[in-house]
Amino acid sequence: MQLTLWTYEGPPHIGAMRVATAMRGLHYVLHAPQGDTYADLLFTMIERRDARPPVTYTTFQARDLGADTAEIFKTACAEAYDRFRPEAMIVGASCTAELIQDDPGGLARALGLPIPVIPLELPAYQKKENWGASETFYRLVRALSGPALAAGAPRGGAEGRRPLCNILGPTALGFRHRDDVAEITGLLGRLGIGVNVVAPLGASPADLARLGAADFNVVLYPEIARTAAQHLHRTFGQPMVETVPIGFSATTRFVEEVAALAGVDPAPVLDEHGSRLPWYARSVDSTYLTGKRVFIFGDATHALAAARVARSELGFAVVGLGTYTREFAREVRAEAALHGIEALITDDYLDVETAIQAANPELVLGTQMERHVAKRLGLPCAVISAPVHVQDFPARTSPQMGFEGANVLFDTLVHPLMMGLEEHLLGMFREDREFHDGAAPSHLGPRARVPEPVDTVTVAAPAAGISWAAEAEKELRKIPFFVRGKARANTERFARERDLALITIETLYDAKAHFGR
């Protein structure tokens, strides 16, 4: 076990909470010690929900461990049913309660409640949050979606009605899940395809019983819904679309795939897509972005999509790609190989920070952890994946998926670089005699003196045993931000090889001449 300041994922019961909180009519009874209710804050404070998650905690204390904790759990189950009257219940244990082995599933069944009770076995010391959400959703779908079709029995067709699909994967606390669902539902509607059930987000146990009525399934978030969709394919013969519609190209493929399954013409929707990303990629202004070095880290769905958009649609060079979702390591490694790099598979943010420093990117795309790392290193950054902070749950609609999502993603990736360029130009011209307060009067006429602007760019700490003279630091800041890290590293290497303890302006320019040969 490792102590850490940040973590990309919580234990698997947090994933179960994300599913329970997303649904209606479902209650989660969690066998947990006093203090494990901290997870409620993720939904009420970070996601800004107006109600607590539908979770009852047993909240046993240390003194209870010498008594009957099983009875505490049974009492909590019975009281939760009497108070909330849910359509279905899931029961399980937190990582701490798992150690006392009270068997929540067996205890709940013994109560004989008149509703489905689905036990969860979530190994807290081997798996994490996204796996817990996936397993919970799969267990719910398997228990509530109905019996399998008899061998050889045909599926009900779409005769007399428009094609129907299920949208699978969105949960509470998901990165832009609410907005993605609205965007994709509208996109499907323009194709003439109806949405049978969206799950888990907004679904009830009764809705899960109707999953088999759809003609096919759309898997928006494979980390959450792939296992459940595979079960529905085996049980009801429903094909599934796994192309994640993030970016213009992927959305186009998505439209073509769902149109083929539904037997409809995609051309009208594709002709009126409304995305500005392809136009910008062909514009003269976009040449500024060509070849920009970008480092990407996040959950597998968003990291893979960001890498493809960055390379194929904006012309960036992907110099780093990784994920904390170990279950999708194979897919991320395959994508990284296409970029000629080795994937970073880790859940330690310090490893990610080290990799960012080594890659010397000009832009970082990641989670809220990478946002903090990039700020410390003086690099532009955009958040493209959970875990995120409250500012990444905007009140406005801001999807990542669909053609409108491509517009949002375009802004997300481009603006940090453009603003970084602006900051560099301001810093560069600040020293120009035309704009300097101590210079001769401007042709614009006399003006009041203003305080010298504070340079807010954070620079990396110098290498051990090496210090920078103030004049050298000032000169370094004149170098464009997107190569400043490389210049600093090369200069320190030059000084280290020559046993120089202090880097002066002369050292900086000597290093520049040396590495410029």
Side-chain angles (χ1 to χ4, degrees), residues 288-297 316-322 339-342 344 349-366 369-382 416-433 435-436 452-517:
Y288 165 70
L289 303 175
T290 303
K292 292 299 183 190
R293 298 165 55 83
V294 60
F295 186 100
I296 302 168
F297 191 86
F316 292 168
V318 178
V319 297
L321 176 62
H339 300 273
I341 56 178
E342 184 176 348
L344 176 65
Y349 70 95
L350 294 175
D351 291 343
V352 181
E353 180 173 354
T354 299
I356 291 173
Q357 290 177 301
N360 284 312
E362 296 156 79
L363 175 66
V364 177
L365 304 177
M369 273 81 107
E370 283 66 54
R371 174 166 52 201
H372 287 291
V373 168
K375 184 177 181 180
R376 192 160 59 250
L377 297 176
L379 297 171
C381 179
L417 283 171
M418 302 303 285
M419 295 306 294
L421 175 63
E422 179 180 287
E423 290 177 8
H424 166 63
L425 292 174
L426 288 173
M428 182 173 69
F429 284 108
R430 183 185 303 159
E431 302 300 326
D432 191 283
R433 68 184 304 275
F435 300 96
H436 196 279
E452 179 71 14
V454 177
D455 193 332
T456 58
V457 175
T458 303
V459 296
I466 295 177
S467 60
W468 285 70
E471 296 81 3
E473 282 279 13
K474 185 176 181 180
E475 194 71 12
L476 180 70
R477 285 198 290 272
K478 295 180 182 179
I479 297 174
F481 70 95
F482 41 83
V483 291
R484 192 179 301 148
K486 185 71 172 178
R488 173 180 285 275
N490 282 345
T491 304
E492 290 179 352
R493 174 182 161 195
F494 179 85
R496 194 163 43 247
E497 290 173 351
R498 288 155 181 78
D499 295 324
L500 301 176
L502 179 66
I503 294 175
T504 64
I505 291 181
E506 289 75 17
T507 311
L508 181 62
Y509 281 98
D510 287 345
K512 178 183 177 182
H514 174 77
F515 288 104
R517 293 172 185 168

- Message: Show, in sequence, the C-alpha distance, side-chain angles and deciding distance for Phe295 and Leu344, and conclude whether the side chain to side chain contact (heavy atoms under 4.5 Å, CB included) test is met.
- Response: CA-CA 11 Å; Phe295 186 100; Leu344 176 65; 4.3 Å; yes

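The two residues Val318 and Ile341 make their nearest non-hydrogen contact at O-CD1, 3.8 Å. Residue Cys381 comes nearest to Ala374 through the heavy atom pair CB-CB, 3.5 Å, listed as atom of the first residue, atom of the second, then distance. A pairwise comparison of heavy atoms in Trp468 and Leu502 identifies C-CD1, 4.0 Å as the closest pair. Heavy atoms only, all atoms of each residue included: Ala487 and Leu476 are closest at CB-CD1, 4.2 Å. Minimum heavy-atom separation, Ile503 to Thr491: CG2-CG2, 3.7 Å. Leu508 and Ala472 get closest at one heavy-atom pair: CD2-O, 4.1 Å.
For the side chain to side chain donor-acceptor pair (under 3.5 Å) test, no residue two or more places apart in sequence or in another chain qualifies with Thr354.
One distance of note links CD of Gln357 with CZ of Arg376; it measures 8.0 Å at 0.5 Å rounding. Taking CD from Glu506 and CD from Glu475, the interatomic distance works out to 10.0 Å, rounded to the nearest 0.5 Å. The CZ atom of Arg293 sits 12.0 Å away from the CG atom of Leu363 when rounded to the nearest 0.5 Å. Here the CD-CZ distance, from Glu473 to Arg488, works out to 4.5 Å after rounding to the nearest 0.5 Å. Atom CG of Asn490 sits about 12.5 Å away from atom NZ of Lys512, to the nearest 0.5 Å.
Geometrically, Arg498 engages Phe494 in a cation-pi contact, judged by NZ or CZ lying under 6.0 Å from the ring centre and within 45° of the ring axis.
One finds no salt bridge joining Arg496 and Glu492 here, because no Lys/Arg side-chain nitrogen approaches an Asp/Glu carboxylate oxygen to under 4.0 Å.
Contact check for Ile356 versus Val373: side-chain heavy atoms found under the 4.5 Å cut-off.
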